[in-house]
**Student:** 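Dropping the structure in here first, questions after.
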Amino acid sequence: MAIAALAVTALSIVSPLGRAEAAADPVLAYGARIAGDDARTRIVIDMDREPAFSVHYLDNPVRVVVDLPATAFGFPAADLKPIGLFKDIRYGTMDQDSARIVLTATKPVKLVMAKVQADENGKGHRLVLDAEMLPAAQFAELVKQQSWTNDDTAKDVGPVVPMEKPDSGIFLVAVDAGHGGIDTGATASDGVTQEKEITLAYAKLLADRLNAQPGIKAFLTRDKDEYLSLSQRVTIARQNHASLFISLHADTLKQKDIRGATVYTISDKASDKLASEVADRENNSDQLAGAETQAQPAAVADILMDLTRRETQAFSISLAQDVLTSFNGQIAMINNPHRHAGFRVLQAPDVPSILLELGFLSNKEDEKLLLDPDWRQKLVGQLTNAVKQYRASIVANGG
Ligand SMILES: [Zn+2]
């Protein structure tokens, strides 16, 4: 198909087929849904039968183009109101035999899944398009590699390429400096030092120490003072096939006498009131930054939970225990230092994840330590030992 054929802006938002020129029997798209956020967005379109389709990408602006056979779009336009990764969604007839959906994105994206599946009730089919954000260079590569041939079919959905997997022998750790940019996190009692600076200093040192270990590689979700939504942090870890995700924080509590490190893993129910308060505050990061957040419709949330494999959870807990063992007698910890709550940043279904509160900026002694470069070295050293221990146990178990 020629690029010149992309007069997509001329498409009407909903274009019922003129009966005269309509294909004899267009596919009926009778329902549509969209859900997600600024890192992942899913579009589902209900159809009365299985269409062949192909996917292409365009740059400037970033667009995902889905070509379909003649299709009658019969759902209300409001059902595909652009949200999340998409700022404009158009669909309509191209010619007698074809229709097109054009998704204009807010940033480089790729479809990590594009497929047609049968409905449970056997009545119709569903076109499912799962988009994820993508580094700009990889999107450019995606655009370059694709071909605009006519023989793309549903079996060959075009350039839906998985990210490159790291060497199988390498143990990759995603180190996440909590907060950043407009989301400053907590502030120290000096009124100047912010949590986002402390977490970045610890994260950089941790990545350096881990990278010095044979067989271990680490990368930062952010290496400068920039805002990342919670979902973006999770997506970056998953796209890079991280073996572990460690999010670093140093928050404040109303109870100024509470001090020491805490390790959190994810769970539906919080282990205690303090854990629940900390999780609420952390999950509020996106709202504070004015980022678009919206409750995920139940269906999408369920799918995400389904994917949260018990195995990943067991590994997360095992990592938390290795951290506590390594800290024991070396780093001050609060009572019951392993707690759990519904942290959104820990929701990667396939990457064991912990959130480490290094200490509390609301406590005088903790604050002094958090700002002390010697203590930083010591804490990061113990954390590095914990990761080494975790990896050794995985290798010993043939993982
Ligand atoms: Zn925090």
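Whatever order the structure lists ligands and atoms in, that order sets their numbers, starting from 1.
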**Student:** Would you say the Zn ion (ligand 1) has E195 as a near neighbour, meaning an N/O/S atom of that residue under 2.8 Å away?
**Tutor:**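 So E195 does bind the Zn ion (ligand 1) by this criterion.
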**Student:** According to the interplanar angle, ranging from 0 to 90°, do the rings of F139 and Y57 count as parallel (below 30°), tilted (30 to 60°) or perpendicular (above 60°)?
**Tutor:**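 F139 and Y57: perpendicular rings.
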**Student:** State the atom name: nearest N, O or S atom of D251 to the Zn ion (ligand 1).
**Tutor:**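 Relative to the Zn ion (ligand 1), the closest nitrogen, oxygen or sulfur of D251 carries the name OD2.
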**Student:** Is there any side-chain hydrogen bond (donor to acceptor under 3.5 Å, both in side chains) pair reaching into residues 269-281, and which pairs are they, with sequence neighbours excluded?
**Tutor:**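 Qualifying pairs: D272-R339, K273-E277.
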**Student:** Just say parallel, tilted or perpendicular for the rings of H249 and H179, cut-offs at 30° and 60°.
**Tutor:** perpendicular
**Student:** Going by the side-chain hydrogen bond (donor to acceptor under 3.5 Å, both in side chains) test, which pairs reach into residues 353-364, not counting sequence neighbours?
**Tutor:**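 Pairs touching residues 353-364 that pass the test: S189-K364.
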**Student:** Which N/O/S atom belongs to H249 and is the closest one to the Zn ion (ligand 1)?
**Tutor:**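 Output for this pair reads ND1.
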**Student:** When you measure from the Zn ion (ligand 1) to each N, O or S atom of E282, which atom gives the shortest distance?
**Tutor:**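 When I compare the N, O and S atoms of E282, OE2 is nearest to the Zn ion (ligand 1).
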